[in-house]
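The residues of the chain are indexed from 1 along the displayed sequence.
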Amino acid sequence: MAEVLVLVDHVDGAVRKPTLELLTLARRIGDPVAVALGAGAGATAGVLGEHGAVKVLTSDAPEFADYLVVPKVDALQAAFDATSPAAVLVVSSAEGKEIAARLALRIGSGIITDATDLEAGEEGPVATQAVFAASFTTKSRVSKGVPVITVKPNSAPVEPAAAAGTVEALTVSFGESATGTKVTSRTPRESTGRPELTEAAIVVSGGRGVNGAENFPLIEALADSLGAAVGASRAAVDAGWYPHTSQVGQTGKSVSPQLYIASGISGAIQHRAGMQTSKTIVAINKDAEAPIFELVDYGVIGDLFTVVPQLTEEINTRKG
């Protein structure tokens with residue numbers, strides 16, 4: 001089978017879940033070859049091999065930490081030249097989409113972003129996407145060159161599949177532009193103990209109906225009872241009630257969890273575009289005419305200040 005490049009998203013050797021999902025999808029269209037870059041790259045081989053990577057190309061050059069994006073593009077291009085793959089898969093993050101776009105431009109190929117599924121086709125991989133603010137689902141394929149595809153987290157199950165996971169050093173020649181933007185300092189983000197928003201299996205979000213930053217602990221308590229991430233609508237973020245890093249929507253983050261709970265969110269198209277591909281959607285809103293009820297699987301018409309605490313208490317009781 002043809003090889004499929006998978007760019008590994010990891011932190012000091014700890015492979016993040018979306019990469020394991022990419023390996024599941026890659027096996028549908030070929031033999032996954034993982035590309036692990038940066039500090040701890042070599043430590044990723046064991047997990048990657050357990051999830052189907054037949055080969056792991058690694059490079060721990062300091063450029064990946066000292067400079068932004070371009071060194072990773074140089075490395076991915078080097079891996080591309082060394083393998084002649086049938087496709088290149090990257091996680092759909094802000095950085096991942098920039099890397100994918102730069103690579104596609106360099107190799108003269110088409111690109112598909114924010115895919116939610118992937119299957120083999122007679123003329124190349126076929127990707128499923130939610131488009132036009134998630135109002136339509138499309139299937140598309142790249143018509144020129146080797147397809148470069150970014151895939152949204154939570155789009156595929158993590159399926160272990162033992163493979164060789166042979167480690168090979170990747171030789172990378174960095175271009176002049178690789179050192180154009182230097183990282184001058186780093187500040188670790190304060191951990192909340194909750195899952196990463198875009199990767200979480202469950203997301204609980206609050207909107208305008210939460211009516212103030214002082215009330216967001218209600219949303220956080222429900223999220224913590226479910227082991228969920230906390231999100232917020234643009235209205236809540238713009239009002240300063242919750243950090244922008246937690247905004248879900250067209251101008252925020254796009255999520256696709258197994259369960260999405262919207263509390264006090266009207267369901268404007270801007271918000272729907274960021275969460276409409278969630279597998280199960282639950283809305284809590286006292287306005288029975290709120291647009292959010294048009295797309296939910298379950299709707300609760302009621303005051304969130306009554307419903308959310310009762311739901312949290314019931315969940316904690318059942319867990320206890």
- Flag for Lys319-Ser225: side-chain donor and acceptor within less than 3.5 Å: no

- Message: Less than 4.5 Å apart, side chain to side chain, heavy atoms only: is that true for Leu259 and Val282?
- Response: yes

Please output the side-chain donor-acceptor pairs of residues 44-53 that fall under 3.5 Å, not counting sequence neighbours, one pair per line with the distance.
from	atom 1	to	atom 2	distance (Å)
Thr44	OG1	Ala41	O	2.6
His51	ND1	Val47	O	2.9

- What pairs of residues pass the side-chain hydrogen bond (donor to acceptor under 3.5 Å, both in side chains) test when at least one of them lies in residues 64-76, not counting sequence neighbours? Lys72-Glu95, Asp74-Arg106

- Hey, does the side chain of Arg27 reach the backbone of Leu22 with a donor-acceptor pair shorter than 3.5 angstrom? no

- Query: Is a side-chain donor-acceptor pair under 3.5 Å present for Thr280 with Gln258?
  - Reply: no

- Do any N or O atoms from the side chain of Glu21 and from the backbone of Asn154 form a donor-acceptor pair under 3.5 angstrom? yes

- Query: For Ile202 and Leu226, which heavy atoms make the closest approach, and how far apart are they?
  - Reply: CD1-O, 3.6 Å

- Message: Tell me whether the rings of Phe216 and Tyr242 are parallel (<30°), tilted (30 to 60°) or perpendicular (>60°).
- Response: parallel

- Least distance between heavy atoms, Ala200 atom then Pro257 atom: O-CB, 3.3 Å

- Minimum-distance pair of heavy atoms, taken over all atoms of Leu304 and Ser263: CD2-C, 4.0 Å

- Hey, does the side chain of Lys253 reach the backbone of Ser246 with a donor-acceptor pair shorter than 3.5 angstrom? no

- Task: Mind checking ring pair (Phe, Tyr, Trp, His ring centres under 6.0 Å) for Phe80 and listing every partner two or more places apart, or none if nothing turns up?
- Result: none

- Closest non-hydrogen contact found for Val35 with Ala79 is CG2-CB, 3.8 Å

- Item | Any donor-acceptor N/O pair, Lys286 side chain to Ile301 backbone, under 3.5 Å | no

- Is a donor on one side and an acceptor on the other found under 3.5 Å between the side chain of Ser256 and the backbone of Thr277? yes

- Message: Applying ring pair (Phe, Tyr, Trp, His ring centres under 6.0 Å), can you list everything that pairs with Phe293, at least two apart in sequence or on another chain?
- Response: none

- Output all residues satisfying side chain to side chain contact (heavy atoms under 4.5 Å, CB included) with Thr192, sequence neighbours left out; order by chain, then residue number. Arg194

- Using modelled atom types only, decide if a donor and an acceptor are shared between the side chain of Ser93 and the backbone of Gly96 within a distance under 3.5 Å. yes

- Note on the structure: d(Glu199 CD, Thr19 OG1) to nearest 0.5 Å is 8.5 Å

- Message: Tell me whether His10 contacts the main-chain N or O of Leu37 through its side chain, where contact means a donor paired with an acceptor under 3.5 Å.
- Response: yes

- Please examine the side chains of Val70 and Arg102, heavy atoms only from C-beta on, and report whether any two atoms are closer than 4.5 Å. yes

- Item | Co-members of Val11 in a cluster of I, L, V, M, F, W and Y side chains, linked at under 4.5 Å | none

- Query: Mind checking whether Ile99 and Val73 have side chains closer than 4.5 Å, heavy atoms only?
  - Reply: yes

- Query: With Glu63, which residues qualify under salt bridge (charged side-chain N to carboxylate O under 4.0 Å, His left out), at least two apart?
  - Reply: none

- For salt bridge (charged side-chain N to carboxylate O under 4.0 Å, His left out), just list the numbers for Glu196 and Lys17, CA-CA rounded to whole Å, side-chain angles, deciding distance to a tenth of an Å, and then say yes or no. CA-CA 10 Å; Glu196 171 65 30; Lys17 178 171 169 278; over 6 Å; no

- Item | Under 3.5 Å: donor-acceptor pair, side chain of Ser109, backbone of Gly145 | no

- Task: Would you please name every residue forming a salt bridge (charged side-chain N to carboxylate O under 4.0 Å, His left out) with Glu314, sequence neighbours left out?
- Result: Arg318

- Message: Tell me if a side-chain donor or acceptor on Ser155 pairs with a main-chain N or O of Val151 at a distance below 3.5 Å.
- Response: no

- Item | Under the side chain to side chain contact (heavy atoms under 4.5 Å, CB included) test, residues paired with Phe305 that sit two or more places apart | Asn211, Asn215, Leu218, Asp303

- Have Ser233 and Gln247 got a donor and an acceptor in their side chains that come within less than 3.5 Å? no

- Item | With Leu295 via side chain to side chain contact (heavy atoms under 4.5 Å, CB included) - residues at least two apart | Arg272, Met275, Gln276, Ile281, Ile292

- Message: Can you confirm whether more than 12 heavy atoms, excluding those of Lys144, are under 6.0 Å from its NZ atom?
- Response: no

- Message: Which residues pass the side chain to side chain contact (heavy atoms under 4.5 Å, CB included) test with Arg208, not counting sequence neighbours?
- Response: Ala235

- Message: Tell me whether Asp9 contacts the main-chain N or O of Val15 through its side chain, where contact means a donor paired with an acceptor under 3.5 Å.
- Response: no

Enumerate, atom names and distances included, each donor-acceptor pair closer than 3.5 Å involving a side-chain atom of residues 113-127, sequence neighbours excluded.
from	atom 1	to	atom 2	distance (Å)
Asp114	OD1	Ser92	OG	3.0
Asp114	OD1	Lys97	NZ	3.4
Asp114	OD2	Lys97	NZ	3.4
Thr116	OG1	Thr128	O	3.3
Asp117	OD1	Arg28	NH1	2.6
Glu119	OE1	Lys139	NZ	3.0
Glu123	OE1	Arg141	NH2	3.0

